[in-house]
Amino acid sequence: MREKSYGVQGALNFKVVENTGWQVRFTKNWDIELQHLELETCEDAGGYDFILHLGGFKPDKAGCALLDDHIYIRSDYLFCEDSYRHIRWRMEVSGLEDRAMTVRLDSNLTGWQVVAELVINQLLWFRLLRKGYPLIHGSAVCLGDRGLVFAGRGGAGKSTVALDLLARGFRLLGDHFVIIRNGSAYGYHAPLHLTPFNLHPLIRDRLRRADYFSYSINRYLRKITGRTMVTKVKLNNLAGDFLADRAKIDRVFLLIPGNEFKVQEIDRETMAGHLVVNQKLETFPFFKYMLAYSYLYPRSGVASFWETYRDNLRMALDSRPGYKITVPPVYDAGTLDEIYRLAADDQ
Amino acid sequence: MNESLHYNVYDLATFTINRNRGLRFFNLINLKFDAFKVKSVPRPDIVLNISPFAPASQGCYLVDHGYHVKENYLFCREAEGKAGWELEVSGVEEGNTVVNFWTRRNFSIESLINPDWLAQSFLLRIIEYKLAGRGSILLHAAAVSKDGKACLLGGRGGSHKTTLCMDFVRRGGYRCLSDDRVIVSGNKVYGFPLHQSLFDFMCGHLETEFAWTFFKKIGYLRLLLREKEANHPLPEPATAKLLILLEKGKKVLDEGFHCTKNDLVRVLACNNRLEDFTDLMSWGIRSGPFLKCFLAYAYVFPEYLNKYKEMVTGALQGFLIEIPAVRTSLPGTYRKDSFVTVKEIVENMLVDSTGGRH
């Protein structure tokens, strides 16, 4: 059994307890994603915000209402046994609305590849929002104290744009998530997800040999199988000093793949609307559990969660201008130049 | 051979389904909207074409690699569980809606008896949105009525709504408007029966909705083969007098029992959205595909989501303002006194026209 403690920007502390056999150790995607958050000390003075147990467990289902044959709910508690395609999982959450939450998660062999990471992302987002830190699924860079956030769905080019701007002198706040609060964006230095689409030559030159080797293998596998494999590269394995911890949000961009390049300025309400739906799509398939809990407890924090997220986003985005950028299906140098012009313009 | 089927839902909405006639054996269970069948409709609000098609998806935004969205238009190609399909909707927000749907592959046994359920399941959601725009809400709830007064029974799957309806008909002398879905408009309740023949068969042959045996199933299949056409008259709409929400479990909902009207709006909306995840479970589809389509469209046009929420909230508040609502739980296994308990609540509320308001 192994325990590791993590902390996020001093706003959140949590612990992951791994109590599984060789299955989980076989696929450690979630471990790599969290390494940048590792804490030295085991116990924080204020206690943990949530503790996640990975491995088999026996749920405590007493006194629960049963919804749709697989979701057990009572006040502050949820247990479910579910599946999606080839992935099966069992999840128990106690202290849903409490200061301290305990989550137990068990999955099948093929499921561990995906489920632990998914659940951890959901928990981070859920608990950070509770403390007033809305999380945006996107990338962020900064020049000096001017921060730029690029939000969008998968495949919109958030990583591509961020890495391209890095090569032009910007610093990286994060490639996958951005934590925002009171008009500032905070660094979240999760590993880069490199694919043949977003790897900039300058970044490639900074890769360690081992990472470049993994990347080449994945690129070759993509040629044979047609599936894009992501190479995860820890940020502190990249040569050079290009990370940043915090910046004031100057602009927020929403990237949407479309036909041709177009830029449209949008107001804060519309931007918040886009970002809320973005997060709803991101939450699938756990969206269902939030719905089930809200159905039984319509006055709970979970039930008003999306309104809370939207309000927090509005406050955090302050009155910074937002832009909707329609990007072509395949990026070319011209697209990246246009985006750089927008990014560099500090009116 | 192609055929056109026309439907009219109490003049609240009209639609047409164009499909390949195919095997006619199981039409009773395959054609879900038979209760509303009419000879023709002049200008249907929605047209569903179940046939291969070429999507008109030029100039679209791309969401999540599979959803093509532009103003008033959506196209997606998806696969999950035992099925793969293509869906195109023109006229998402306004104007007449044309839906093209084609199932690329379908490996479930259900598809032999129920080949068009996937297409009709999407159509059902589109009807729901269309009705919402007109101030009527298609609710996932059952309703029973007597003397023009109706009581709605809401609850998730497995909360014994159907068995209670069966007992209300058999032992209470009530009429069942529908055991699965109803339309509420103002204070009127309209039944939206999706499988009337199945419900009638269960009333006549089964103790509870879960008492299926192999031989009973054979019996039902034989009935389907014998009777080609549905011959059930549409139930008369009734005035809503009471809403009962049923939960399954021994001791639940501690403080949640007493809901305000605003809470109930949220509860009923969640109930509807949860159906998106459970309707297609027998096909191995559990991820709420229509909800994903809706959100993909709302991602590009977030004002649509706000507009839709306002419409639904307004209509539900208007409906709930007049009628009392009770939330109660029944034991996990259906017992004789489950029906007696609920019947008592209904009779008290329906008789007592002034009291009992929450």
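Just so we're on the same page: letters track the sequence lines, and every chain starts at 1.
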Atom group of [X] that falls short of 4.5 Å from chain A, counting heavy atoms:
{"X": "B:N306", "value": "side chain"}
{"X": "B:K309", "value": "side chain"}
{"X": "B:R266", "value": "side chain"}

Is [X] in contact with chain B via its backbone, its side chain, both, or neither, using a 4.5 Å heavy-atom distance?
{"X": "A:S300", "answer": "neither"}
{"X": "A:I71", "answer": "neither"}
{"X": "A:H70", "answer": "side chain"}

Practice task
Check whether any side-chain heavy atom of A:R299 sits under 4.5 Å from a side-chain heavy atom of B:T260, and report yes or no.
Solution key: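 Yes, side chains in contact.
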
Exercise for the section: Check whether any side-chain heavy atom of B:Y299 lies under 4.5 Å from a side-chain heavy atom of A:L254, and answer yes or no. Expected result: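 A side-chain contact exists here, since the closest heavy-atom pair is under 4.5 Å.
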
Problem - A:Y295 six-ring face occupied by B:R327 cation (under 6.0 Å, within 45°) - result: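 Judged by the rule (NZ or CZ under 6.0 Å from the ring centre, within 45° of its axis), B:R327 counts as positioned above A:Y295.
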
Handout entry: CA sep, side-chain torsions, deciding dist, call: A:K280, B:L305, side-chain contact (heavy atoms from CB on, under 4.5 Å)
Key = CA-CA 12 Å; A:K280 283 190 176 179; B:L305 182 60; 4.2 Å; yes

If you draw a 6.0 Å radius around [atom1] in [X], do more than 12 non-hydrogen atoms from other residues or ligands fall strictly inside?
{"X": "A:E265", "atom1": "CD", "result": "yes"}
{"X": "A:R88", "atom1": "CZ", "result": "no"}
{"X": "A:E307", "atom1": "CD", "result": "yes"}

Specify the closest pair of heavy atoms between [X] and [Y], including all atoms of both residues, with the distance to one decimal.
{"X": "B:S287", "Y": "A:Y84", "answer": "CB-CE1, 3.5 Å"}
{"X": "A:D68", "Y": "B:M281", "answer": "O-CE, 4.5 Å"}
{"X": "B:P302", "Y": "A:H274", "answer": "CD-CE1, 3.3 Å"}
{"X": "B:Q58", "Y": "A:N259", "answer": "C-ND2, 4.4 Å"}
{"X": "A:P298", "Y": "B:V267", "answer": "CG-CG2, 3.5 Å"}
{"X": "A:K324", "Y": "B:V300", "answer": "NZ-O, 4.2 Å"}

What distance do [X] atom [atom1] and [Y] atom [atom2] have between them, rounded to the nearest 0.5 Å?
{"X": "B:E247", "Y": "A:L66", "atom1": "CD", "atom2": "CG", "value": "11.0 Å"}
{"X": "B:C60", "Y": "A:I256", "atom1": "SG", "atom2": "CD1", "value": "12.0 Å"}
{"X": "A:Y297", "Y": "B:D263", "atom1": "OH", "atom2": "CG", "value": "13.0 Å"}
{"X": "B:N272", "Y": "A:L291", "atom1": "CG", "atom2": "CG", "value": "11.0 Å"}

With chain B as the partner, which of [options] has the greatest number of non-hydrogen pairs under 4.5 Å?
{"options": "A:S294, A:A156, A:A292, A:A272", "result": "A:A292"}
{"options": "A:E269, A:M290, A:R85", "result": "A:R85"}
{"options": "A:D82, A:V277, A:L275", "result": "A:V277"}

Practice task
Select, from B:L245, B:V63, B:D64, B:T278, the one with the greatest count of heavy-atom pairs under 4.5 Å involving chain A.
Solution key: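 Ranked by contacts with chain A, first place is B:D64.
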
Problem - Contact leader toward chain A among B:R273, B:E303, B:H65, where contacts are heavy-atom pairs under 4.5 Å - result: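 Most heavy-atom pairs within the cutoff with chain A belong to B:H65.
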
Exercise for the section: Can you label the angle between the B:F277 ring and the A:F287 ring as parallel, tilted or perpendicular, going by 30° and 60°? Expected result: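 It falls in the tilted class, 30° to 60°.
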
